[in-house]
Amino acid sequence: MNIADRRRGTPRPVRPGFLAAVARWTRRLVVGAVLVAVALVGGTAVRVWQVARIDDRTPADAIVVLGAAQYSGVPSSVFEARLEQANKLYDAGVAPRIITVGGKQEGDLYTEAASGKNYLESLGVPSDAVVAVEEGSDTLRSVEAVSDEMRGLGIDSAVLVSDPWHSLRTRTMARDAGLSAWTSPTRQGPAVFTRESQFHGIARETGALLWYQLTHFSADFPYTAGQ
């Protein structure tokens with residue numbers, strides 16, 4: 001480049017070696033980001049699977065049953081499996097009370113919490129041993145409602161009952177809400193019947209947990225196991 005070119009501000013040509021280096025580092029960054037994402041998703045899925053296998057029956061102040069669909073006061077098969085597990089824990093003396101939680105969808109006559117309480121009473125659990133928290137349209141709101149109720153009762157430890165794959169997210173939310181919480185999931189019902197439902201449950205909860213940890217908002221993705 002001569003003096004006249006410099007005065008006119010003519011840009012210097014970009015060296016091919018520089019472009020190749022930029023392309024190489026861009027590829028490395030993309031590959032690195034993909035590997036980190038895969039490791040994060042895979043690690044979370046493994047944790048969902050590990051916690052799903054935990055059945056912790058340490059005595060607590062309350063057994064908390066996360067709600068699921070109900071039809072005119074009759075629990076769905078998913079909800080029934082959770083209630084049966086809670087009844088077993090109560091009979092084993094794990095806690096002196098059961099808390100059912102869950103609101104209702106538009107047009108419903110019963111809340112999930114009320115239908116759960118009625119079902120437990122039909123199994124022989126005393127009415128005064130079941131507290132129905134008739135709030136919560138998703139897992140996070142339900143856990144927060146239970147936390148408020150337990151705080152009002154002066155208690156703070158809970159055994160959480162839900163489907164196995166739901167355990168880690170529920171436990172994480174409960175601990176974030178200030179509860180001392182551990183899990184004893186159901187081992188029956190549509191969530192555990194087939195390999196397909198198990199795979200779907202793990203994938204669903206992996207995505208929902210990652211979203212919660214990133215945003216602290218709930219993400220209850222559609223549940224496709226039989227109801």
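Numbering starts at 1 and runs along the sequence shown. As the structure is a prediction and not an experimental result, all values here were calculated from the model.
Under a hydrophobic clustering in which Ile, Leu, Val, Met, Phe, Trp and Tyr are joined whenever their side-chain heavy atoms come within less than 4.5 Å, directly or via other members, Val130 and Val159 fall into the same cluster. Residues Phe79 and Leu123 share a single hydrophobic cluster, defined by chaining ILVMFWY side chains whose heavy atoms lie under 4.5 Å apart. With hydrophobic clusters built from ILVMFWY side chains whose heavy atoms lie under 4.5 angstrom apart, Leu160 shares a cluster with Leu153. Hydrophobic clustering, with ILVMFWY side chains joined whenever heavy atoms are under 4.5 angstrom apart, groups Val125 together with Leu89.
No donor-acceptor pair under 3.5 Å is formed between the side chain of Ser162 and the backbone N or O of Leu66. In this structure, the side chain of Arg171 does not engage the main chain of Ala181 through any donor-acceptor pair within 3.5 Å.
Across all non-hydrogen atoms, the minimal contact from Ser76 to Tyr71 is CB-CE1, 3.7 Å. Ala86 approaches Val65 most closely through the heavy-atom pair CB-CG2, 3.4 Å. Closest of all the heavy-atom pairs between Ala69 and Glu112 is N-OE2, 4.2 Å. In terms of heavy-atom proximity, Ala114 sits nearest to Ala132 at N-CB, 4.4 Å. Between Ser115 and Gly73, the shortest heavy-atom contact is CB-O, 3.4 Å. Trp49 and Trp165 make their closest contact through CD1-CZ3, 4.3 Å (heavy atoms, listed as atom of the first residue, atom of the second, distance).
Atom CG of Leu179 sits about 13.0 Å away from atom CE of Met173, to the nearest 0.5 Å. A distance of 5.5 Å separates OG1 of Thr172 from CG of Leu209, quoted to the nearest 0.5 Å. To the nearest 0.5 angstrom, Leu210 atom CG is 11.0 Å from Glu205 atom CD. Atom-to-atom distance recorded for Ser167:OG and Asp55:CG is 9.5 Å, nearest 0.5 angstrom. Here the OG1-CD distance, from Thr100 to Gln70, works out to 11.5 Å after rounding to the nearest 0.5 Å. Here the CD atom belonging to Glu134 is positioned 8.0 Å from the NZ atom belonging to Lys104, to the nearest 0.5 angstrom.
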Open item on the list: Set out, in order, the CA-CA distance, both residues' side-chain angles and the distance that settles side chain to side chain contact (heavy atoms under 4.5 Å, CB included) for Tyr119 and Glu80, then state yes or no.
Closed with: CA-CA 8 Å; Tyr119 186 86; Glu80 182 181 345; 3.2 Å; yes
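Side-chain N/O atoms of Gln85 and Arg82 include no donor and acceptor closer than 3.5 Å. Asp56 and Ser184 are not linked by any side-chain donor-acceptor pair at a separation below 3.5 angstrom, with hydrogens and angles left out of the test. For the residue pair Tyr212 and Asp176, a side-chain donor N or O sits within less than 3.5 Å of a side-chain acceptor on the partner.
With sequence neighbours excluded, the residues forming a side-chain contact (heavy atoms from CB on, under 4.5 Å) with Ser180 are Ser157, Trp182, listed by chain and number. Looking at residues two or more places apart in sequence or on another chain, you find a side-chain contact (heavy atoms from CB on, under 4.5 Å) between Ala62 and Arg97, Ile99, Met150, Ile155.
With contacts defined as side-chain heavy-atom distances shorter than 4.5 Å, the pair Pro164/His166 does not qualify.
A salt bridge does not link Lys88 to Glu84: none of the charged side-chain nitrogens sits closer than 4.0 Å to a carboxylate oxygen.
Around OH of Tyr90, the count of heavy atoms belonging to other residues, nucleotides or ligands within 6.0 Å exceeds 12.
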Under 3.5 Å, which donor-acceptor pairs do the side chains of residues 140-148 form with other protein atoms, sequence neighbours left out?
unit_1 : atom_1 : unit_2 : atom_2 : d
Arg141 : NH1    : Asp138 : OD2    : 2.4
Ser142 : OG     : Asp138 : O      : 2.9
Ser147 : OG     : Arg151 : NH2    : 3.0
Ser147 : OG     : Ala177 : O      : 3.0
Asp148 : OD1    : Arg151 : NH1    : 3.0

